[in-house]
Amino acid sequence: MSKNHRGSGIRSLAAHGRGTCGICGKTDIKVLWEKEVNGETVKVCKYCNAALKNKAKVEARKAKPAAEEAPAAEEPAAEA
């Protein structure tokens with residue numbers, strides 16, 4: 001199968017979507033994702049995008065058990 005249209009979405013972007021990552025500072029890397037970091041919207045590379053997603057996923061997992069334990073701890077105190 002031909003791959004004629006691969007990358008056609010970024011051909012119209014300046015420098016074909018390449019630039020400097022706002023987080024890691026790598027140059028001439030594809031920066032296609034806009035993320036909010038410290039109140040600013042910056043363009044990031046796919047590696048930093050994945051790192052931010054994984055960090056958010058881990059924080060969500062940590063927050064979920066704490067949220068489940070809190071109502072369970074409050075219920076016996078309300079019954080007594």
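Residues in residues 42-55 take part in these side-chain hydrogen bond (donor to acceptor under 3.5 Å, both in side chains) pairs, two or more places apart or across chains: K35-N49.
Here the straight-line distance linking atom CG of N38 with atom CD of E36 works out to 9.5 Å at 0.5 Å rounding. In this structure, the separation between NZ on K26 and SG on C45 is 5.5 Å, given to the nearest 0.5 Å.
Here the closest heavy-atom approach between residue M1 and residue K3 is recorded as O-NZ, 3.7 Å. In terms of heavy-atom proximity, S12 sits nearest to G9 at OG-O, 3.9 Å. Taking every heavy atom of both residues into account, D28 and R18 meet most closely at O-NH1, 3.3 Å.
For R11, the side chain to side chain contact (heavy atoms under 4.5 Å, CB included) partners at least two apart in sequence or on another chain are S8, H16.
By the 4.5 Å side-chain criterion applied to Ile, Leu, Val, Met, Phe, Trp and Tyr, V37 is assigned to a cluster that also includes I10, L13, I23, L32, W33, V42, V44, L52.
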